[in-house]
Amino acid sequence: MGRSGSCLCEAITYQIPESSLMEAVCHCKNCQKQAGSAFSTLAGIKKSDFSLTGKPKLFVDKATDSGASVERYFCENCGSPIYSALPSQPDVIYLKTGTLDDTSDFNPSIHVWAATKQNWVEIDSNMPQLQKQS
Ligand SMILES: [Zn+2]
Ligand SMILES: [Zn+2]
């Protein structure tokens, strides 16, 4: 089994396992810019469990609030963000879960960079949040 997804034009497709290492919502400004949206929804997946077809383009995002660069992989044909990776965590990728074919079991357990969330977004007060992220 597993979960499948693709970019909008389907030049890039992928498979991930049923369960993620973690699932989160990121409200950092750079995710907002890249997604063209209010936040990005992420699933941490072991790199060895992530199988990809097609060739995403890499943008190395250096102007981050954390100061650490973020590798942002996206489809250069249709623009869908596919995943991000952090050089400090070489064994993990952070999938952009809006690209999953079925998003019904996405279940984030934390909100990060809540300090820069958009004003209209309300985070459930029972949900853990980090104002920033180390
Ligand atoms: Zn595409
Ligand atoms: Zn972010």
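From a predicted model like this one, the values you see are computed outputs, not experimental measurements. When reading the values below, keep in mind they use all heavy atoms of this one structure, side chains included, and skip hydrogens, waters and symmetry mates. As the structure lists them, so they are numbered: ligands from 1, and atoms in each ligand from 1.
Classified by interplanar angle (parallel below 30°, tilted 30° to 60°, perpendicular above 60°), the ring pair Tyr14/Phe50 is tilted.
Counted within 6.0 Å of CD on Glu122, heavy atoms from surrounding residues, nucleotides or ligands total 12 or fewer; the atom is thus considered open. Other residues, nucleotides and ligands place more than 12 heavy atoms under 6.0 Å from the CD atom of Gln118.
Draw a line from the Zn ion (ligand 2) to SG of Cys28 and another to SG of Cys31, and the angle between them is 110° (to 10°). With the Zn ion (ligand 1) as the vertex, SG of Cys78 and SG of Cys9 span 110° to the nearest 10°.
At a threshold of 2.8 Å, the Zn ion (ligand 2) has no backbone or side-chain N, O or S atom of His27 nearer than that distance.
Listed here is the closest heavy atom pair of Cys75 and Ile82: N-CG1, 4.2 Å.
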